[in-house]
Amino acid sequence: MELSLEKLAPGTRIKYRSQCRQLWLREHEGYASPEDIKHRKELEELLGVKASEIPGPGRPRRSVA
């Protein structure tokens with residue numbers, strides 16, 4: 001069965017985005033396996049976003065004005 005973004009539940013999308021970000025960080029730090037890199041690329045293709053563009057976890061910062 002081919003996965004598509006429209007068929008995924010919202011919680012699954014969030015989980016996949018988080019996994020994609022974690023795999024990118026692992027690769028960026030230099031200890032990702034070839035399987036990790038392949039999985040990250042598959043998630044990027046499914047989600048339609050680059051892992052490096054996904055913001056980190058937590059609440060967005062507010063400017064003090």
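For the pair R17/P55, a side-chain contact is recorded, criterion being any heavy-atom separation below 4.5 Å from C-beta on.
Put simply, L46 and W24 are part of two different groups of oily side chains (I, L, V, M, F, W, Y) that touch within less than 4.5 Å, one to the next. Linking ILVMFWY residues whenever their side-chain heavy atoms come closer than 4.5 Å, directly or via other members, places V49 and Y16 in the same cluster.
Counting only residues at least two apart or in different chains, salt bridge (Lys or Arg N to Asp or Glu O under 4.0 Å) contacts with residues 20-30 comprise R26-D36, E27-R40.
Summarising the geometry, atom SG belonging to C20 is positioned 6.0 Å from atom CG belonging to L47; distances are rounded to the nearest 0.5 Å. Note that NZ of K38 is 12.0 Å distant from CG of L43, once rounded to the nearest 0.5 Å.
When each of H39, E53, K50 is paired with E44, the side chain to side chain contact (heavy atoms under 4.5 Å, CB included) condition holds for K50 and for no other.
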